[in-house]
Undergrad: 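Handing you a structure now.
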Amino acid sequence: MQLGVIGLGTMGANLARNAARNGATVAVYNRTKEKMEEFMKTHGKEGRFIPCTTLTDILKAIKPPRAILIMVKAGESVDEVIHDLLSLQPNDILIDGGNSHYKDTERRQRELTKKGIHFLGMGVSGGERGALLGPSLMPGGSKEAYDHLEPLLQKMAAPLDYARDDTQQHQKCVTYIGPGGSGHFVKTVHNGIEYGLMQLIAEAYHLLRDIGKKSNAESAKIFAEWNTDPHLSSYLLEITGKILRKRDLETKQNLIDNIKDIASQKGTGKWVVEAALRYGVAIPTIGAALDARIISNQKELRVRRSHEIPFTANIRKGEDLTEDLRIALLLATICTYAQGFDLLERASAEERWNLRLTEIARIWRGGCIIRSVLLKTFQDIFAGKNDEKIRLGAAFSETAQKRWRAVVAVGAQHGIPLPTFGASLSYFDALRTAHLPANLTAAQRDFFGAHGYERIDTPGIFHTKWE
Ligand code: NAP
């Protein structure tokens, strides 16, 4: 198998090495020539690489039908590269493995299909290490192109981690996602779930630190223990324990205490919220996680306000919240995944992608950032295993709910923001409330805008002259 890779940044270089390690001959190109030369110097002997200094070279280096993976910055850069690949021919395959917007992917696909060129928009998750050792791959678009590339992608993708049953351990984290921009859409939703789960863990750390008065080492131990929990175990918990233990080489203190409380966010976080609005799906935990990052950037304001508007709570020193937090984290994590899958399901219906949620849950069980033991439960539920559904439902027992509510209450009482724990709980409560106050909202809309309302006793839309 031959593959061209354009863009030898963090991800492109590691995916090129991954492909070469798995037997492919890989033609490599980078806009800045020195990066390609450095790549060849450092990794050139790891496999069969063909160095290319122009885009024309890369097209000449491999045989038709050519498969070329573009791993450049998302946005206009992708269009520029496609535009400059002048001598592409019918049946050639282009794969965009960056975090592109799914609507851009669909536009590019339409344009390339006219020329007989196959286009795959492929979500790639796993970061630098995953790209090299096995990412989770979410390819969507041309099925013909996927079928051609499947043997290589199967080799490159991660095996299933968090495989509770040995029967699936041989499977790999790649599947054909669906037509159009569905591969990039699934990656966007993956990233949205990632935002939610990361923020939940950050809030748990905040409570352990400020209410539980736990040292970093103690919190690290708690996260490591939770990571052995048969329901909670996840990659993000695993790395959290490691992060809290890490020493700063300079100061010899815990590195975490020397990191500013500012988290940035890139395209996919915003896109997932936009998509939820577009398809009319509630994803409050994910939205709250995005807001939390935006507010984290208002550092100056936060510091000023902390002096202007002090709040001294009756801190219950050393209160052990750990068990309540473990339960709250589990339930809110379930809500976060559920929101992501709900968005996938709704978008799939509207776009006619025919997404297989069972397969998506499966390929997220390894390689990617949101991999966790819970995804096996979701996979089983989507496969129609009712006992798993009942088991998941049983996690929301009254006792468990009380613990979750206690966590959110402690945050409120002590003035500690818990945007994702709170949003998840309200989401859960709203979906279990038979009689919401939306009757009043509907009446208000009709009062000032004559938008109409439905009655409980008669079908149809009604309008009242309220004054
Ligand atoms: P990176 O390390 O910043 O590398 C960016 C690459 O894009 C460089 O090779 C750069 O070439 C090239 N590039 C930028 N503009 C270009 C243009 N106009 N024409 C040609 N080449 C251009 O980025 P990365 O982390 O590998 O990410 C690549 C893609 O993967 C992005 O879409 C990113 O969102 C996505 N992604 C990243 C991760 C991650 O963990 N980093 C995970 C999943 C997906 P020069 O060297 O010439 O600047």
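Just the heavy atoms: all of them, side chains too, but no hydrogens, waters or symmetry mates, feed the values below. Numbering of ligands and ligand atoms starts at 1, following listing order.
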Undergrad: Does an N or O anywhere in Ser125 fall below 3.5 Å from an N or O of ligand 1?
TA: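 No.
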Undergrad: Can you check atom 23 (O) of ligand 1: any protein non-hydrogen atom closer than 4.0 Å?
TA: no
Undergrad: Without placing hydrogens or testing angles, list every side-chain donor-acceptor pair under 3.5 Å for residues 256-263, not counting sequence neighbours.
TA:
residue, atom, partner, partner atom, Å
Asp257, OD1, Asn216, ND2, 3.4
Asp257, OD2, Asn216, ND2, 2.9
Asn258, ND2, Asp248, OD2, 2.9
Asn258, ND2, Thr251, OG1, 3.1
Asn258, ND2, Gln253, OE1, 3.3
Asp261, OD1, Lys299, NZ, 2.7
Asp261, OD2, Lys299, NZ, 3.3
Asp261, OD2, Arg302, NH1, 2.9
Asp261, OD2, Arg302, NH2, 3.4

Undergrad: Which option out of Asn99, Leu55, Ile369 puts a heavy atom nearest to atom 34 (O) of ligand 1?
TA: Asn99
Undergrad: Does the N or O separation between Gly98 and ligand 1 drop below 3.5 Å for any pair?
TA: no
Undergrad: At under 4.0 Å between heavy atoms, which part of Ile6 makes contact with ligand 1: side chain, backbone, both or neither?
TA: neither
Undergrad: Can you check atom 13 (N) of ligand 1: any protein non-hydrogen atom closer than 4.0 Å?
TA: yes
Undergrad: I need the nearest protein heavy-atom contact for atom 45 (P) of ligand 1: residue, atom name and distance, please.
TA: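 I find the closest protein heavy atom is Thr32 OG1, 3.3 Å.
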Undergrad: What is the closest protein heavy atom to atom 41 (N) of ligand 1, and at what distance does it sit?
TA: Met11 CG, 3.7 Å
Undergrad: So is Arg371 actually on top of Tyr235's ring, under 6.0 Å and inside 45° of the axis?
TA: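 Output yes; distance and angle both within limits.
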Undergrad: Backbone or side chain, does any N or O of Ser77 fall under 3.5 Å from an N or O of ligand 1?
TA: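 Between Ser77 and ligand 1 (N or O atoms, distance only) the closest approach is under 3.5 Å.
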Undergrad: Would you check whether Lys187 has a nitrogen or oxygen atom less than 3.5 angstrom from a nitrogen or oxygen atom of ligand 1?
TA: no
Undergrad: Is it true that the side chains of Asp104 and Ser100 contain a donor and an acceptor less than 3.5 Å apart?
TA: no
Undergrad: Would you check, one step at a time, whether the test salt bridge (charged side-chain N to carboxylate O under 4.0 Å, His left out) holds for Arg326 with Glu323?
TA: CA-CA 5 Å; Arg326 182 183 69 81; Glu323 189 51 16; 2.6 Å; yes
Undergrad: Any donor-acceptor pair under 3.5 Å linking the side-chain atoms of Arg356 with those of Thr175?
TA: yes
Undergrad: To check your reading of the model: name the closest protein heavy atom to atom 30 (O) of ligand 1, its residue, and the distance in Å.
TA: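 Result for atom 30 (O) of ligand 1: Met71 CE, 3.4 Å.
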Undergrad: Among all protein non-hydrogen atoms, which one is nearest to atom 40 (O) of ligand 1, and what is the separation to 0.1 Å?
TA: Gly127 CA, 3.4 Å
Undergrad: Can you tell me which portion of His83 lies within the under-4.0 Å heavy-atom range of ligand 1? Options are side chain, backbone, both, or neither.
TA: neither
Undergrad: Taking only distance into account, with no hydrogens and no angle test, what donor-acceptor pairs under 3.5 Å do side-chain atoms of residues 124-133 form with protein atoms, sequence neighbours excluded?
TA:
residue, atom, partner, partner atom, Å
Ser125, OG, His190, NE2, 3.2
Ser125, OG, Ile369, N, 3.3

Undergrad: Are Phe223 and Tyr205 an aromatic pair by the rule of ring centers under 6.0 Å?
TA: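 No, ring centres 6.0 Å or more apart.
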Undergrad: At under 4.0 Å between heavy atoms, which part of Val124 makes contact with ligand 1: side chain, backbone, both or neither?
TA: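 For Val124, only backbone atoms sit under 4.0 Å from ligand 1.
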Undergrad: Tell me which protein heavy atom sits closest to atom 5 (C) of ligand 1, plus the residue, atom name and distance to 0.1 Å.
TA: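 The answer is Lys73 N, 4.2 Å.
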Undergrad: So which heavy atom in the protein is nearest atom 16 (C) of ligand 1, and how far is it from that ligand atom?
TA: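 Ranking protein heavy atoms by distance from atom 16 (C) of ligand 1, first comes Arg31 NH1, 3.3 Å.
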Undergrad: Give the contacting part of Glu80 toward ligand 1: side chain, backbone, both or neither, where contact means a heavy-atom distance below 4.0 Å.
TA: side chain
Undergrad: Who's closest to atom 46 (O) of ligand 1 heavy-atom-wise, of Lys35, Arg129, Glu34?
TA: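 The residue whose heavy atom sits nearest atom 46 (O) of ligand 1 is Lys35.
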